[in-house]
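First the structure, in the form of structure tokens, and then the observations on it.
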Amino acid sequence: MQEVSPMERIWTTQLRAHVGKRVRLAGWLQRLRQLSHVSFLILRDGKGTAQIVIEDQELAEQLGRLHAESVLVVEGLAVAEPQAPGGIEVRQPTIEVLSPASAPPPFDLFRPRIKAQLPTILDHAPLALRHPRHRAIFYLSAVSMQGFRSTLRALEFVEIQTPKLVASATEGGANVFAVDYFGRPAYLAQSPQFYKQIMVGVFERVFEVGPVFRAEPHDTPRHLNEYVSLDVELGFIKDHTTVMDVLAQVLRGMLAALHEDAGDALALLGVKLPEVPEKIPALHFAEAQELIFKQTGEDARGEPDLAPQHERWLGEWALREYGSEFLFVTGYPMVKRPFYTHPDPERPKYSNSFDLLFRGLELVTGGQRLHRYEDYLAALASRGLSPEPFEGYLEAFKYGMPPHGGFAIGLERWVARLIEAPNIRETTLFPRDLQRLTP
RNA sequence: GGGCCCGUGGUGUAGCGGCCUAACAUGCAGCCCUGUCAAGGCUGAGAUCGGGGGUUCGAAUCCCCUCGGGCCCGCCA
């Protein structure tokens with residue numbers, strides 16, 4: 001092991017373009033397979049892996065003393081070799097140890113899957129995330145966000161960032177994290193809802209990618225206390241159906257980005273992407289309840305919301321009837337929706353809102369909002385809420401707001417349903433839940 | 001918040017009253033093997049069975065408490 005000369009470092013994924021040349025790679029010692037006269041070192045960098053052939057006995061012994069995950073710089077000759085994984089390997093290497101690992105990893109990163117239970121994996125997230133499979137999951141998140149942004153930019157939406165420290169609990173009060181703000185009470189924002197609506201008065205079309213915080217003590221495989229919300233809000237809409245059309249376009253854009261930029265990650269995870277149909281099937285809430293009653297005999301009519309098993313059933317139904325993995329449920333009862341929700345002018349007990357079910361799970365909530373100042377005052381009053389804490393928000397409506405609406409996609413849920421992960425924590429880098437605040 | 005279940009070497013599991021001075025796989029250490037690719041072979045170290053109390057001649061195995069974790073439901077993205 002010696003100093004290697006300065007030379008531009010390439011990614012392992014670029015090896016093919018350098019066959020016949022000397023190259024410089026850098027990364028982590030994923031695995032060393034020692035045979036009697038030759039050893040194979042699998043080097044992993046931020047994108048892929050490369051096989052390094054060690055024929056120097058002394059070098060092999062030195063490498064053998066390193067723990068897995070030690071950081072190396074390798075310089076050697078890129079050679080096309082049919083026997084090598086991927087058809088290319090690096091020979092005659094000189095190797096510099098940039099940073100030796102100080103202990104063996106608690107689980108094997110060189111296997112196709114980490115063989116440990118989810119809590120163990122989460123406890124060791126800084127290490128587990130290095131595994132190519134786990135890394136691929138978060139690459140899907142990254143490309144999904146990129147597709148979200150590029151689609152909306154193309155539709156002339158403007159990206160905003162709104163405060164996460166807020167003075168009042170946004171959606172009615174319950175389940176927010178309280179923090180001490182210079183001796184005054186403040187809260188972690190449970191949604192950018194108010195600010196994105198306000199910003200419709202500025203840009204007409206806005207979106208935000210950011211964290212939201214929910215202090216709900218739920219303990220399920222599909223809930224987190226902090227998650228990433230992909231928020232959209234737009235003005236001059238006809239009603240919630242305009243918003244649904246934008247959502248369908250956004251989903252198509254996200255999927256297109258995944259097709260285009262995440263092929264390797266999708267292949268590694270064995271994911272088959274869904275298709276957004278020309279027209280996503282839509283069912284009114286009341287019709288959905290009738291359908292469930294008629295076909296399953298379970299009578300949930302009169303319930304203000306759908307139970308998870310009914311959402312799953314509706315998901316299967318949409319796949320059967322329409323070949324669609326997406327299903328809109330529209331017109332949720334006003335009683336279940338926040339005060340800013342716009343009622344259905346024809347049936348005021350129901351709202352101009354929707355949920356989008358993806359593979360049987362609620363992925364998106366959205367709808368039309370109230371836009372007249374007087375309607376807000378009345379909505380707050382009818383719920384026994386005082387307008388004072390909402391003053392800044394209400395100012396937007398006092399000075400004229402167009403009919404508008406929007407939606408929010410849960411990023412971790414989106415990826416979880418894409419890869420069909422049984423637990424949302426698998427698609428969250430460092431999950432925050434009832435028990436988990438570290439790492 | 002309600003219900004159900006689990007806690008055994010680093011990791012994943014088996015054992016569920018005496019044959020357990022705890023087994024298997026993998027990792028780890030050492031030796032061997034000219035091409036591996038979840039490499040292979042041999043040898044070895046490593047857990048007093050989450051913690052505490054109890055029942056019993058005898059407990060990883062049964063009971064109680066406690067701590068930690070999982071699933072379902074509620075609620076939501």
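First the proteins, then the strands, lettered A, B, ... as listed; each starts at 1. As the structure is a computational prediction, the values presented were derived from the model and not from experiment.
A donor-acceptor pair shorter than 3.5 Å can be found between the side chains of A/Thr220 and A/His223. Side-chain atoms of A/Thr49 and A/Gln30 include no donor-acceptor pair closer than 3.5 Å. In this structure, a donor-acceptor pair under 3.5 Å is absent between the side chains of A/Ser351 and A/Lys349. A/Asp261 and A/Gln146 form a side-chain donor-acceptor contact under 3.5 Å, judged by distance and modelled atom types alone.
Using a 30° and 60° split on the angle between ring planes, A/Phe285 and A/Tyr350 fall in the tilted class, from 30° to 60°. Below 30°, between 30° and 60°, or above 60°: for A/Phe354 and A/Phe407 the angle between ring planes is between 30° and 60°, a tilted geometry.
Annotation: cation-pi pair A/Arg31/A/Trp28 absent, no NZ/CZ under 6.0 Å from the ring centroid and within 45° of its normal.
No contact: A/Ile42 has no heavy atom under 4.0 Å from any strand. Across all strands, A/Asn423 comes closer than 4.0 Å only to sugar-phosphate atoms, never to a base (heavy-atom distances). Residue contacts for A/Ser229: at a heavy-atom cut-off of 4.0 Å it reaches no nucleic acid atom on any strand shown. Residue-level contact check: A/Arg113 touches neither bases nor backbone, having no heavy atom under 4.0 Å from any strand. Contact annotation for A/Pro85: base contact, defined as any heavy-atom pair under 4.0 Å involving a base atom. A/Ala307 comes within 4.0 angstrom of sugar-phosphate atoms only, judged by non-hydrogen atoms across all strands, and of no base. Note on A/Asp355: nothing from the nucleic acid sits closer than 4.0 angstrom, heavy atoms only.
Looking only at distances, no side-chain donor or acceptor of A/Arg214 sits under 3.5 Å from a matching main-chain atom of A/Asn225.
For the pair A/Phe40 and B/G35, the ring geometry does not qualify as stacking, because the centroid separation below 5.5 Å and plane angle under 30° are not jointly satisfied.
Distance, A/Ile114 CD1 to B/A25 P: 23 Å, rounded to whole Å. For the pair A/Ile88 CD1 and B/G35 P, the interatomic distance rounds to 23 Å; values are reported in whole Å. Rounded to an integer number of Å, the gap from A/Arg359 CZ to B/A77 C1' is 17 Å. Remark: C1' of B/C75 and NZ of A/Lys336 are 7 Å apart, rounded to the nearest angstrom. For the pair A/Arg33 CZ and B/G41 P, the interatomic distance rounds to 15 Å; values are reported in whole Å. Counting to the nearest Å, the C1' atom of B/U34 and the CD atom of A/Glu81 are 13 Å from each other. We find that CD of A/Gln57 is positioned 13 Å from C1' of B/C31, with the value rounded to whole Å. Separating the CD atom of A/Gln34 from the P atom of B/G35 is a distance of 13 Å, rounded to the nearest angstrom.
Residue A/Glu233 is tested with A/Arg205, A/Gln193, A/Glu204 for a side chain to side chain contact (heavy atoms under 4.5 Å, CB included); the sole match is A/Gln193.
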Between A/Gln197 and A/Tyr393, is a side-chain hydrogen bond (donor to acceptor under 3.5 Å, both in side chains) present by the stated rule, with each step listed?
-> CA-CA 8 Å; A/Gln197 282 185 262; A/Tyr393 175 54; 2.6 Å; yes
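For A/Arg413, the side-chain atoms get nearest to B/A77 when compared with the rest of B/A77, B/C73, B/C71. Closest to the A/His223 side chain, of the nucleotides B/C33, B/A38, B/A77, is B/A77. The side chain of A/Leu35 lies closest to B/C33 when the candidates are B/C33, B/G74, B/C28. Among B/A77, B/C76, B/G70, the nucleotide with an atom closest to any side-chain atom of A/Ile424 is B/A77.
When the C1' atom is used for both B/A25 and B/G15, the distance is 15 Å, rounded to whole Å. With both ends at atom C1', the span from B/U43 to B/G7 equals 33 Å, rounded to whole Å. Using atom C1' as the reference point in both B/C49 and B/C32, the two lie 35 Å apart (nearest Å). Distance noted for atom C1' between B/C63 and B/G70: 23 Å (whole Å). A gap of 12 Å separates the C1' atoms of B/C16 and B/C20, to the nearest Å. The gap from the P atom of B/A29 to that of B/G69 amounts to 31 Å, rounded to the nearest Å. To the nearest whole angstrom, the two P atoms, one in B/C42 and one in B/C5, are 42 Å apart. B/C4 and B/C65 are spaced 13 Å apart, taking the P atom of each and rounding to whole Å.
Residue A/Arg312 places at least one side-chain N or O under 4.0 Å from the OP1 or OP2 atom of B/C73. The side chain of A/Asn225 places no N or O atom within less than 4.0 Å of a non-bridging phosphate oxygen (OP1 or OP2) of B/C76. Taking only side-chain nitrogens and oxygens, A/Arg31 comes nearer than 4.0 Å to OP1 or OP2 of B/G27. Side-chain nitrogen and oxygen atoms of A/Ser36 include at least one within less than 4.0 Å of the OP1 or OP2 phosphate oxygen of B/U34. For B/G27, the OP1/OP2 oxygens have a side-chain nitrogen or oxygen of A/Arg111 closer than 4.0 Å.
Between A/Thr220 and A/Arg436, the residue whose closest nucleotide on RNA chain B is further toward the 5' end is A/Arg436. If A/Val364 and A/Gln435 are placed on RNA chain B by their nearest nucleotide, the residue sitting closer to the 5' end is A/Gln435.
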Its contact letters, B for base, S for sugar-phosphate only and - for none at protein heavy atoms under 4.0 Å, make nucleotides 8-14 of chain B read --BSSS-
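The base of B/G35 sits within donor-acceptor range of the side chain of A/Glu89, with an N or O pair under 3.5 Å. The base of B/U36 sits with one of its N or O atoms less than 3.5 Å from a complementary donor or acceptor on the side chain of A/Gln51.
Pairing for B/C28 goes to B/G44, judged as Watson-Crick or G-U wobble with the two contacts each under 3.5 Å. In this structure, B/G1 forms a base pair with B/C73, meeting either the Watson-Crick or the G-U wobble geometry with both donor-acceptor distances under 3.5 Å. Across all strands shown, B/U21 forms no Watson-Crick or G-U wobble pair with both key distances under 3.5 Å. B/C16: no Watson-Crick or G-U partner with both key distances under 3.5 Å is found in any strand.
In this view, A/Tyr322 and A/Trp317 satisfy the ring pair (Phe, Tyr, Trp, His ring centres under 6.0 Å) rule, not counting sequence neighbours.
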